[in-house]
Amino acid sequence: MTLFQSILMGFLIVCAISVSFSKNLLNSILIYMSYSLIMSIIWVCLESPDLAITEAAVGAGVTSILFFATLKKIHAIQIDKEKEEKADQKEAESNE
């Protein structure tokens with residue numbers, strides 16, 4: 001195993017541990033995407049391009065989009081306008 005592959009394996013371990021300790025769902029999805037992309041690079045290093053393409057497409061692409069859509073449906077992701085309105089309301093309440 002080369003040094004590059006060892007570094008990638010280290011990143012995989014860090015991603016796996018950090019996603020389990022992350023409290024923000026959006027950050028968890030982004031960490032999962034990075035895990036999948038690192039895994040696809042490892043598949044390329046192992047000379048398996050078909051698995052690499054599948055991992056990148058399904059793991060980082062389709063699955064992440066489904067996670068984002070689910071978070072949007074359950075209102076776990078707030079739009080910036082909603083955040084600004086809530087901040088304005090809190091500021092107006094504190095000024096009174």
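Please read all numbers here as calculations on a predicted model, not as lab measurements.
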Less than 4.5 Å apart, side chain to side chain, heavy atoms only: is that true for [X] and [Y]?
{"X": "Phe67", "Y": "Val62", "result": "no"}
{"X": "Ile17", "Y": "Val14", "result": "no"}
{"X": "Trp43", "Y": "Pro49", "result": "no"}
{"X": "Phe68", "Y": "Met33", "result": "yes"}

- prompt: Considering all heavy atoms of both residues, which atom of Ala52 and which atom of Val44 are nearest to each other, and what is their separation?
  reply: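 For Ala52 and Val44, the tightest heavy-atom pair comes out as CB-CG2, 3.4 Å.
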
Heavy-atom closest contact (Ser34 atom, Ile31 atom, distance): OG-O, 2.6 Å

Are the side chain of [X] and the backbone of [Y] linked by a donor-acceptor contact shorter than 3.5 Å?
{"X": "Ser36", "Y": "Tyr32", "result": "no"}
{"X": "Ser18", "Y": "Cys15", "result": "yes"}
{"X": "Ser40", "Y": "Ala56", "result": "no"}
{"X": "Ser22", "Y": "Asn27", "result": "no"}

- prompt: Can you tell which of Glu55, Met9, Gln5 makes a side-chain contact (heavy atoms from CB on, under 4.5 Å) with Ile42?
  reply: Met9

Do [X] and [Y] share a hydrophobic cluster, counting only Ile, Leu, Val, Met, Phe, Trp and Tyr and linking them when any side-chain heavy atoms are less than 4.5 Å apart?
{"X": "Met39", "Y": "Leu46", "value": "yes"}
{"X": "Phe11", "Y": "Leu37", "value": "no"}
{"X": "Leu51", "Y": "Ile38", "value": "yes"}
{"X": "Ile74", "Y": "Leu26", "value": "yes"}

field: Test side-chain contact (heavy atoms from CB on, under 4.5 Å) applied to Ile41 and Phe4, step by step
entry: CA-CA 10 Å; Ile41 294 170; Phe4 180 67; 4.1 Å; yes

To the nearest 0.5 Å, how far apart are [atom1] in [X] and [atom2] in [Y]?
{"X": "Asn24", "Y": "Ile29", "atom1": "CG", "atom2": "CD1", "answer": "9.0 Å"}
{"X": "Leu12", "Y": "Ile7", "atom1": "CG", "atom2": "CD1", "answer": "12.5 Å"}
{"X": "Leu8", "Y": "Leu3", "atom1": "CG", "atom2": "CG", "answer": "9.5 Å"}
{"X": "Leu25", "Y": "Thr70", "atom1": "CG", "atom2": "OG1", "answer": "11.0 Å"}

